[in-house]
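Heads up: the structure comes next, in structure tokens.
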Amino acid sequence: MYKETRFDVGDQARVVRTVRNDGSFEHGSKKGDCLVEAGAVGFVRSFGYYLQNKVVYRVYFPDVDREIGVKSEELISAELNWHPNPYHLKQEVVLASGLAHHGQLIAKKGDVVTIIRIHRDMDSGELSYQVQFSGRWVWLPLKAIAQGAELDTDVELDTDVKLMAQVG
């Protein structure tokens, strides 16, 4: 019934996305205002449950002198390396390397693909992206997507590219 907590009181935690006022924060802030930016580090002061299965932490962020409620899935350990997410859903991005499946090239370095899902591993903090191209969907690590001048250099993927589905 109750989910296990990931943090204890006093632990440092980092928010993985910008947290905005959903209307429940009343201290001089309007609905939609930014309460804390992605990457901010705070201290867990307490925790509770919402609907008996969602853990919500009360986190104090000293840089903005603000204490807010943050859902468990919005926090990672502050000890992990921070990798900001430079992309958003439905954004078209360029591959930093070619992709192969069973030895057959399915996408070339420089091809444009569309991000359809973003995942952050809560244990490592690493980002991965589900991208779509030519009727296929694959999960890629952040370094498989070209960022500026990176397109000119080869990028070796240290994880297997997994083909999730193939359409007609």
Side-chain angles (χ1 to χ4, degrees), residues 1-93 95-96 99 113-133 135-145 147 157-167:
M1 180 190 293
Y2 290 108
K3 282 192 173 182
E4 285 191 34
T5 58
R6 295 178 33 237
F7 301 99
D8 292 321
V9 173
D11 285 355
Q12 283 190 297
R14 181 185 312 273
V15 290
V16 297
R17 66 176 190 83
T18 297
V19 178
R20 298 192 175 280
N21 187 357
D22 62 3
S24 62
F25 189 84
E26 300 174 0
H27 307 287
S29 177
K30 297 181 297 218
K31 188 173 182 177
D33 285 353
C34 175
L35 298 176
V36 66
E37 294 284 341
V41 174
F43 297 89
V44 175
R45 289 208 168 152
S46 65
F47 62 87
Y49 295 90
Y50 175 71
L51 298 176
Q52 298 182 346
N53 67 350
K54 303 250 187 236
V55 180
V56 178
Y57 294 92
R58 179 149 302 286
V59 182
Y60 173 69
F61 295 92
D63 290 348
V64 292
D65 192 28
R66 186 172 281 162
E67 185 175 278
I68 61 173
V70 184
K71 294 181 274 185
S72 181
E73 60 267 17
E74 297 173 322
L75 294 170
I76 60 173
S77 171
E79 295 174 1
L80 296 175
N81 288 331
W82 173 238
H83 304 281
N85 179 16
Y87 304 114
H88 57 83
L89 293 178
K90 299 184 180 178
Q91 182 175 355
E92 291 187 337
V93 294
L95 292 176
L99 304 177
V113 298
T114 303
I115 295 175
I116 58 174
R117 231 172 124 200
I118 301 170
H119 173 75
R120 184 180 298 272
D121 184 284
M122 294 306 196
D123 295 323
S124 69
E126 296 293 324
L127 287 163
S128 59
Y129 300 86
Q130 188 177 27
V131 300
Q132 180 180 15
F133 60 95
R136 299 173 189 252
W137 295 263
V138 297
W139 280 99
L140 300 174
L142 175 62
K143 69 181 177 178
I145 300 171
Q147 299 174 17
L157 300 178
D158 37 334
T159 57
D160 290 331
V161 174
K162 296 185 176 110
L163 188 63
M164 302 303 291
Q166 186 170 346
V167 177

On a heavy-atom basis, which atom in Gly42 and which in Pro62 lie closest, and how many Å separate them? CA-CD, 4.3 Å
With sequence neighbours excluded, residues passing side chain to side chain contact (heavy atoms under 4.5 Å, CB included) with Pro84: Trp82
Could you check if a side-chain atom of Tyr87 sits within less than 4.5 angstrom of a side-chain atom of Val93, using non-hydrogen atoms only? yes
Please report the shortest heavy-atom distance between Thr18 and Cys34, naming the atom on each side. CG2-SG, 3.5 Å
Partner set under side chain to side chain donor-acceptor pair (under 3.5 Å) for Asp8, not counting sequence neighbours: none
Is there a side-chain contact between Met122 and Glu73 in this structure, where contact means two heavy atoms from C-beta onward sitting under 4.5 Å apart? yes
Quick one: pull up CG in Leu99 and CZ in Arg136 and give me the separation to the nearest 0.5 Å. 10.0 Å
So, Asp33 side chain and Lys30 main chain: donor-acceptor pair closer than 3.5 Å or not? yes
Could you work out, with side chain to side chain contact (heavy atoms under 4.5 Å, CB included) as the rule, every residue matching Val64, not counting sequence neighbours? Phe61, Arg66
So, taking the atom named CD1 in Ile118 and the one named CG in Leu142, what distance separates them when rounded to the nearest 0.5 Å? 10.5 Å
Who pairs with Glu67 by salt bridge (charged side-chain N to carboxylate O under 4.0 Å, His left out), at least two apart in sequence or on another chain? Arg45, Arg58
Who pairs with Glu74 by side chain to side chain donor-acceptor pair (under 3.5 Å), at least two apart in sequence or on another chain? Arg17
Could you give me the CA-CA distance, side-chain angles and deciding distance for Tyr50 and Lys71, then say whether side chain to side chain contact (heavy atoms under 4.5 Å, CB included) is met? CA-CA 9 Å; Tyr50 175 71; Lys71 294 181 274 185; over 6 Å; no
Kindly indicate, with the supporting measurements, whether the criterion side chain to side chain contact (heavy atoms under 4.5 Å, CB included) is fulfilled by Ile68 and Val19. CA-CA 9 Å; Ile68 61 173; Val19 178; 3.9 Å; yes
Name all residues meeting the side chain to side chain contact (heavy atoms under 4.5 Å, CB included) criterion together with Leu80; count only those two or more places apart in sequence or in a different chain, and write none if there are none. Ile76, Ser77
Less than 4.5 Å apart, side chain to side chain, heavy atoms only: is that true for Leu75 and Phe7? yes
Return the set of residues passing side chain to side chain donor-acceptor pair (under 3.5 Å) with Tyr57 (not counting sequence neighbours), or none when no residue passes. none
Any sub-3.5 Å donor-acceptor pair from Asn21's side-chain atoms to Ser29's backbone N or O? yes
For residues 120-130, which residue pairs pass the salt bridge (charged side-chain N to carboxylate O under 4.0 Å, His left out) check, not counting sequence neighbours? none
Any side-chain heavy atom of Val131 within less than 4.5 Å of one from Val138? yes
In Å and rounded to the nearest 0.5 Å, what is the NZ to NE2 distance from Lys143 to His83? 11.0 Å
Test log, rule side chain to side chain contact (heavy atoms under 4.5 Å, CB included), inputs Tyr49 and Val55: CA-CA 5 Å; Tyr49 295 90; Val55 180; 3.6 Å; yes
When rounded to the nearest 0.5 Å, the distance separating CD of Gln132 from CH2 of Trp137 is 5.0 Å
For a 4.5 angstrom cut-off between non-hydrogen side-chain atoms, does Phe25 reach Leu35? yes
Work out which heavy atom in Ala78 is nearest to a heavy atom in Val41; give both atom names and the distance. CB-CG1, 3.7 Å
To the nearest 0.5 Å, atom OG of Ser72 lies from atom CZ of Arg6 at 4.0 Å
Within a strict 4.5 Å, meaning less than it, do heavy atoms of the Leu95 and Leu140 side chains meet? yes
Who pairs with Arg14 by salt bridge (charged side-chain N to carboxylate O under 4.0 Å, His left out), at least two apart in sequence or on another chain? none
Which residue is it: Val113, Thr114, Asn85? I am looking for the one with a side chain to side chain contact (heavy atoms under 4.5 Å, CB included) to Tyr129. Asn85
